[in-house]
Novice: 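Below: one structure in structure tokens.
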Amino acid sequence: MTNSSICEIDGVKGNLYYRGYPIKQLAAKSSFLETVFLLIWGELPTQKELTEFEKEVQMHRRLSFRVRDMMKCFPASGHPMDALQSSAASLGLFYSRRVIDDPKYVYNAVIRLIAKIPTMVAGFQLIRKGHDPIQPRDDLSYSSNFLYMLTEREQDPLAARVFDKCLILHAEHSLNASTFSARVTASTLTDPYAVIASAVGTLAGPLHGGANEDVIAMLEEIGSPENAGAFLDDALTQKKKIMGFGHREYKVKDPRAEILQELAEELFARFGKDKMYDIAKSLESEAISRLGPKGIYPNVDFYSGLVYKKLGIPKDLFTPIFAISRVGGWLAHWREQLGANRIYRPSQIYTGSKNRDWLPLENR
Ligand code: COA
């Protein structure tokens with residue numbers, strides 16, 4: 001059991017709070033960078049603090065040519081999460097870890113990580129397509145700039161606004177596996193780049209960050225809204241998990257799924273519908289009678305893939321985008337861990353053989 005004042009989940013009522021602020025208010029009124037500031041420093045920034053924070057992040061978005069050249073040596077067939085983990089870890093080579101108790105070092109590390117992780121994700125996407133990464137644009141906001149660096153063209157402001165809200169929704173979720181990993185790594189007092197790299201590696205697993213990719217594959221397999229009921233019956237008979245459903249904490253629909261569904265609808269109204277959305281809605285309504293009694297409802301991953309797909313983002317970038325957002329939460333936990341640090345050392349119960357005599361090879 002760990003104390004934390006960063007995030008509260010009410011899984012029975014379906015509420016989520018960052019530093020006491022309801023996620024619905026933050027998604028409606030805040031920006032991703034403002035939310036990150038709140039998560040990391042505990043209070044909403046003043047206008048002056050926010051302007052300075054945004055400016056600092058903007059100034060540190062570029063990557064050293066050494067990091068870019070290193071990324072060019074990665075295999076184009078490699079998973080973007082592996083590329084991100086390696087690139088994030090490499091920052092530790094550039095910025096010394098010996099001053100970890102210096103607030104200035106902490107501030108700079110926060111700025112660098114928030115600023116550079118999106119550039120790394122977009123950079124690897126272009127590199128694996130055989131293009132050179134493009135430089136960030138100072139006239140664009142955090143999210144507009146990311147979409148620009150990723151797609152090599154400026155996107156509609158609605159796309160950038162929706163994307164920014166997606167980042168807010170994924171920024172923090174208490175002690176999930178990757179955040180736990182971040183805290184364990186932080187507790188050794190290693191550098192923050194290693195903290196983030198370890199969290200990225202943990203997020204990469206399909207039981208954690210990868211489920212929204214699987215949702216799209218599942219919807220493709222279902223093929224049409226009429227097939228949703230039969231698909232569910234068949235999958236549940238075979239004891240298969242329905243991707244994008246269920247959560248250890250929520251026993252009702254995940255509040256983030258509600259907001260993401262609204263965002264998906266906004267995008268469809270403007271840019272045209274995706275037929276997968278009708279399949280998703282049909283699946284959700286068919287699932288109510290079958291899974292609802294067990295407290296299993298859509299989670300954050302159910303509609304996020306549809307939003308990203310509409311924004312033209314390739315499926316294997318869904319999890320790296322999750323990482324761009326969650327770095328805010330991981331850094332908040334890094335700071336909190338440093339504030340009252342004790343190295344993690346879970347106790348174990350030994351279940352192996354005891355006190356055996358070594359045998360020579362010929363006797364085994
Ligand atoms: N589809 C069908 N049944 C599900 C289910 C799902 N998505 N999620 C949970 N269940 C069922 C389990 O089969 C189990 O049933 P049983 O008690 O009859 O055996 C019961 O609910 C408890 O499941 P369990 O896996 O122990 O719950 P958990 O809290 O450990 O799991 C998840 C949480 C998220 C890992 C799980 O719901 C899941 O695998 N969901 C699909 C993957 C996903 O969307 N992940 C993203 C999470 S944000």
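Start at 1 and go down the list; that is how both ligands and their atoms are numbered. The model shown is predicted, which means the values in this text are computed figures rather than measured ones.
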Novice: Please say which of F322, F302, Y308 ends up in a side-chain contact (heavy atoms from CB on, under 4.5 Å) with N212.
Specialist: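 Among F322, F302, Y308, the one that satisfies the side-chain contact (heavy atoms from CB on, under 4.5 Å) with N212 is Y308.
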Novice: Going by distance alone, is a donor N or O of one side chain under 3.5 Å from an acceptor N or O of the other, for Y303 and E284?
Specialist: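 On atom types as modelled, these side chains qualify, holding a pair under 3.5 Å.
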Novice: Heavy-atom contacts under 4.0 Å between N299 and ligand 1: side chain, backbone, both, or neither?
Specialist: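 N299 to ligand 1: side-chain contact only, backbone stays beyond 4.0 Å.
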Novice: Between S4 and E336, do the side chains contain an N or O donor and an N or O acceptor separated by less than 3.5 Å?
Specialist: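 Side-chain D/A pair, S4 to E336: present.
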Novice: Is I242 close to ligand 1, meaning an N/O of one under 3.5 Å from an N/O of the other?
Specialist: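 Yes, I242 has an N/O under 3.5 Å of an N/O on ligand 1.
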Novice: Taking the six-membered ring for Trp, are F37 and F53 parallel (under 30°), tilted (30 to 60°) or perpendicular (over 60°)?
Specialist: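 Taking F53 first and then F37, their aromatic rings stand perpendicular (interplane angle over 60°).
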Novice: Does a side chain donor of either Q155 or T151 reach within less than 3.5 Å of an acceptor in the other side chain?
Specialist: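 Side chains of Q155 and T151: pair found under 3.5 Å.
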Novice: State the atoms of ligand 1, each with its element, that fall below the 4.0 Å cut-off from a heavy-atom position in G244.
Specialist: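 By the 4.0 Å cutoff, the relevant atoms are 43 (C), 44 (O).
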Novice: For atom 8 (N) of ligand 1, is the nearest protein heavy atom under 4.0 Å away?
Specialist: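 Given the 4.0 Å limit, the answer for atom 8 (N) of ligand 1 is yes, a protein heavy atom qualifies.
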Novice: Atom 2 (C) of ligand 1: protein heavy atom closer than 4.0 Å?
Specialist: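 So far as the 4.0 Å threshold goes, atom 2 (C) of ligand 1 is in reach of a protein heavy atom.
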Novice: Among protein heavy atoms, which sits nearest to atom 15 (O) of ligand 1, and what does the distance come to when rounded to 0.1 Å?
Specialist: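 Looking only at protein heavy atoms, the one closest to atom 15 (O) of ligand 1 is K294 NZ, 3.0 Å.
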Novice: Distance alone, cut at 3.5 Å: any donor-acceptor contact between the side chains of E265 and Y277?
Specialist: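 Yes, side-chain donor-acceptor contact under 3.5 Å.
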Novice: Strictly under 6.0 Å, is that where the ring centroids of W330 and F180 end up?
Specialist: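 W330 vs F180: aromatic centres not under 6.0 Å.
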Novice: Give the atom numbers and elements of ligand 1 that come within less than 4.0 Å of a heavy atom of A211.
Specialist: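 Counting atoms of ligand 1 from 1, those under 4.0 Å from A211 are 43 (C), 44 (O), 45 (N), 46 (C).
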Novice: Checking contacts now, so for atom 46 (C) of ligand 1, which I'm interested in, is there any protein heavy atom under 4.0 Å?
Specialist: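 It does; a protein heavy atom is within 4.0 Å.
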Novice: For atom 11 (C) of ligand 1, which of the options I296, D301, D214 provides the nearest non-hydrogen atom?
Specialist: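 Among I296, D301, D214, the closest heavy atom to atom 11 (C) of ligand 1 belongs to I296.
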Novice: Near H247, which atoms of ligand 1 are under 4.0 Å from a heavy atom of that residue?
Specialist: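 So the atoms of ligand 1 that pass are 37 (O), 48 (S).
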Novice: How about atom 31 (O) of ligand 1: does it have a protein heavy atom within less than 4.0 Å?
Specialist: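 So far as the 4.0 Å threshold goes, atom 31 (O) of ligand 1 is out of reach of every protein heavy atom.
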Novice: List the closest protein heavy-atom neighbour of atom 34 (C) of ligand 1: residue, atom name, distance to the nearest 0.1 Å.
Specialist: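 The closest heavy atom on the protein side is G246 O, 3.6 Å.
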Novice: Within 45° of the six-membered ring axis of Y344 and under 6.0 Å from that ring's centre, is NZ or CZ of R183 located there?
Specialist: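 No, R183 does not lie over the aromatic ring of Y344.
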Novice: Nearest to atom 38 (C) of ligand 1, what protein heavy atom do you find, and at what distance?
Specialist: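 Scanning the protein heavy atoms, the shortest distance from atom 38 (C) of ligand 1 goes to K241 CD, 3.8 Å.
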Novice: Any chance the side chains of T237 and D234 put a donor and an acceptor closer than 3.5 Å?
Specialist: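 No, D234 and T237 have no side-chain donor paired with an acceptor closer than 3.5 Å.
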Novice: Below a 4.0 angstrom heavy-atom separation, can you tell me which part of K239, side chain or backbone, both or neither, approaches ligand 1?
Specialist: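 Looking at K239 and ligand 1, no heavy atom falls under 4.0 Å.
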Novice: Which heavy atom of the protein is the closest neighbour of atom 40 (N) of ligand 1, given with residue, atom name and distance?
Specialist: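 Heavy-atom neighbour on the protein nearest atom 40 (N) of ligand 1: F245 O, 2.9 Å.
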Novice: Is the closest side-chain heavy-atom distance between W358 and N363 below 4.5 Å?
Specialist: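 No - every pair of side-chain heavy atoms lies 4.5 Å or more apart.
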Novice: How close does the nearest protein non-hydrogen atom get to atom 29 (O) of ligand 1, and which residue and atom is it?
Specialist: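 It is R248 NE, 2.9 Å.
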